[in-house]
Amino acid sequence: MEIPLNAQVECTDGICGRSVYVLVNPVIDQVIHLVVKEDSFPNTEYIVPIDVVVETIADTIQLRCTKAELE
């Protein structure tokens, strides 16, 4: 699965931000987390386990959680 950066990130109940970073485990050389930054103030960043990602389509990433669960 490709994880695009600066892509719109959607929770099950709406848009929650943009992808800004991926975190890689250097031992196994795999992406383990995605960092999602809110579009609105205070622009909080959330570390999301990669297994929460359902699908990536072009410049959109879909998560299997609600906005409240993301927080």
N/O donor-acceptor pair under 3.5 Å between D13 side chain and K67 backbone: yes
Closest heavy-atom pair and its distance - A7, T60: CB-N, 4.1 Å
Side chain to side chain donor-acceptor pair (under 3.5 Å): pairs with one or both residues in residues 16-30, sequence neighbours excluded: N6-R18
Residues forming a side chain to side chain donor-acceptor pair (under 3.5 Å) with E38, sequence neighbours excluded: T44, Y46
Any donor-acceptor N/O pair, T56 side chain to I61 backbone, under 3.5 Å: no
Same cluster (ILVMFWY, side-chain, under 4.5 Å), L63 and I47: no
Qualifying residues under side-chain contact (heavy atoms from CB on, under 4.5 Å), relative to L5, sequence neighbours excluded: V22
Validation row: I50, H33 side chains within 4.5 angstrom (heavy atoms): no
I15 with V35, same ILVMFWY side-chain cluster at under 4.5 Å: no
A68 backbone acceptor or donor facing E71 side chain under 3.5 Å: no
Path from V48 to V31 over hydrophobic side-chain contacts below 4.5 Å: yes
Test side chain to side chain donor-acceptor pair (under 3.5 Å) applied to T12 - qualifying residues, sequence neighbours left out: none
Hydrophobic cluster membership, V52 vs I3, 4.5 Å side-chain cutoff: yes
Side chain to side chain donor-acceptor pair (under 3.5 Å) partners for D51, two or more places apart: none
